[in-house]
Visitor: 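Please see the structure below; I have some questions.
Labels below follow one simple rule: chain letters A, B, ... track the order of the sequence lines, proteins then strands, and each chain is numbered from 1.
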Amino acid sequence: MATELGPVSVLVERGKAVRILLGVYIQPAEFIDPFKKQLDEYFNGSRKILDFPVRIEGSRFQKRVWEIVRRIPYGAVITYGEIAKVLNTSPRAVGMALSKNLLPIYIPCHRVIAKDGLGGFSEGLAWKKFLLKVEGAVL
DNA sequence: TTGTTTTGTCTAT
DNA sequence: ATAGACAAAACAA
C-alpha cells in the first residue's frame, strides 16, 4: 500500500508482524496481505486500532515504555516527560526506548511529543506529522 | 529567547 | 567498568 509519503511494508515471521517499515517497499507482496487491509483502513481514517499478531522484542524497560504508548488513545498525544514520570525515569530514556520501536503505528510512538515541539521520529518527522494528521490530533 | 546542566538507558569499547 | 550518544526537560540569564 502507499501513502502520500511513500509505501508501507510489514515484515512477517511465522505469521507475526515483527517490523513495520514506513517509506520502504519489501517484496514479496503476499507477506503484506494479512496486514494490508488494516493498514489501508488506518490510513483512510476508518480504523483506529491495529489488531494483528506481533512479535515484540526489547529490553524490560523498552517493553514498559511501549506498553504505556500502546494505551495512548487514538488522536491523543502525551509528552516524553509524562511517560518518564510514570516510570520514574528521564525523558531522554523514554525517547531512547521509542527510537528502538520497530512497529510504528501498532505501537503509536507518533503520539509522544516533546513538551514544546514535535520531538523526533525514526522514519522522519514528515511521517509523524502525517500520522497525527490522519488521526486528527490537536497539538 | 539562547545556552548549559541534568538525566536514564543503550551501545561499544 | 567506562565513555559517548540520544526522538527531553528544567533552569539561568
Visitor: Look at A:R92 and C:dA8 and indicate whether a side-chain polar atom (N or O) is within less than 4.0 Å of OP1 or OP2.
Guide: yes
Visitor: Expressed as a whole number of angstroms, how long is the span from A:K85:NZ to C:dA10:P?
Guide: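 That distance rounds to 9 Å.
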Visitor: Within the structure shown, what part of the strands sits under 4.0 Å from A:S122 by heavy-atom distance: base, sugar-phosphate, or nothing?
Guide: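 Base, at least one base atom sits under 4.0 Å.
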Visitor: Are the side chains of A:I20 and A:F35 in touch, meaning some heavy atoms are under 4.5 Å apart?
Guide: no
Visitor: Considering just the side-chain nitrogens and oxygens of A:K100, establish if one lies under 4.0 Å of OP1 or OP2 belonging to B:dC10.
Guide: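 A:K100 to B:dC10 OP1/OP2: no side-chain N or O under 4.0 Å.
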Visitor: Which of these nucleotides, B:dC10, B:dG8, C:dA7, is closest to any side-chain atom of A:K128?
Guide: C:dA7
Visitor: What is the separation between atom CG on A:L87 and atom C1' on C:dA8, rounded to the nearest whole Å?
Guide: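 Nearest whole value for this atom pair: 15 Å.
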Visitor: Whole Å only: how far is the CD1 atom of A:I78 from the P atom of C:dA9?
Guide: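 Roughly 11 Å, once rounded to whole Å.
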Visitor: For DNA chain C, what are the stems built from at least three Watson-Crick or G-U pairs in a row, each pair having both distances below 3.5 Å?
Guide: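 Paired runs of 3+ in DNA chain C: B:1-6 with C:8-13, B:8-13 with C:1-6.
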Visitor: Tell me the interatomic distance from A:M96, atom CE, to B:dA12, atom P, rounded to whole angstroms.
Guide: 11 Å
Visitor: Given 3.5 Å as the limit, does a donor-acceptor pair link the side chain of A:T79 with the main chain of A:K115, or not?
Guide: no
Visitor: Starting at atom CZ of A:R60, determine the distance to atom P of B:dG8, rounded to an integer number of angstrom.
Guide: 18 Å
Visitor: Would you say A:L103 ends up clustered with A:I105 if hydrophobic residues are merged whenever their side chains have heavy atoms under 4.5 Å apart, either directly or through other cluster members?
Guide: yes
Visitor: How is A:S99 classified with respect to the nucleic acid when contacts are heavy atoms under 4.0 Å: base, sugar-phosphate, or nothing?
Guide: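 Base contact.
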Visitor: What's the verdict on side chain to side chain contact (heavy atoms under 4.5 Å, CB included) for A:T89 and A:V65, showing C-alpha distance, side-chain angles and the deciding distance?
Guide: CA-CA 10 Å; A:T89 181; A:V65 173; over 6 Å; no
Visitor: Between A:F121 and A:V77, is there a shared hydrophobic cluster once you connect ILVMFWY residues whose side-chain heavy atoms come closer than 4.5 Å?
Guide: yes
Visitor: Between atom NZ in A:K115 and atom P in B:dT6, what is the gap in whole Å?
Guide: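 A:K115 atom NZ is separated from B:dT6 atom P by 18 Å.
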Visitor: So A:Y80, base contact, sugar-phosphate only, or nothing? Heavy-atom distance under 4.0 Å.
Guide: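 Touches a base.
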Visitor: Between B:dT11 atom C1' and A:Q62 atom CD, what is the distance in whole Å?
Guide: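 Result: 11 Å.
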Visitor: Could you please name the option among B:dG8, B:dC10, C:dA9 that lies closest to any side-chain atom of A:A114?
Guide: C:dA9
Visitor: I'd like to know if A:K63 and A:E67 make a salt bridge, using a cut-off of under 4.0 Å between side-chain N and carboxylate O.
Guide: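 Not counted as a salt bridge, because no side-chain N and carboxylate O are separated by less than 4.0 Å.
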Visitor: Could you give the CG-to-P distance, from A:L125 to C:dA7, as a whole number of Å?
Guide: 11 Å
Visitor: Do A:R70 and A:Y106 pair up side chain to side chain, a donor and an acceptor below 3.5 Å, judged on atom types alone?
Guide: yes
Visitor: Tell me whether the OP1 or OP2 atom of B:dC10 has a side-chain N or O from A:S59 closer than 4.0 Å.
Guide: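 For B:dC10, OP1 or OP2 has a side-chain N or O of A:S59 closer than 4.0 Å.
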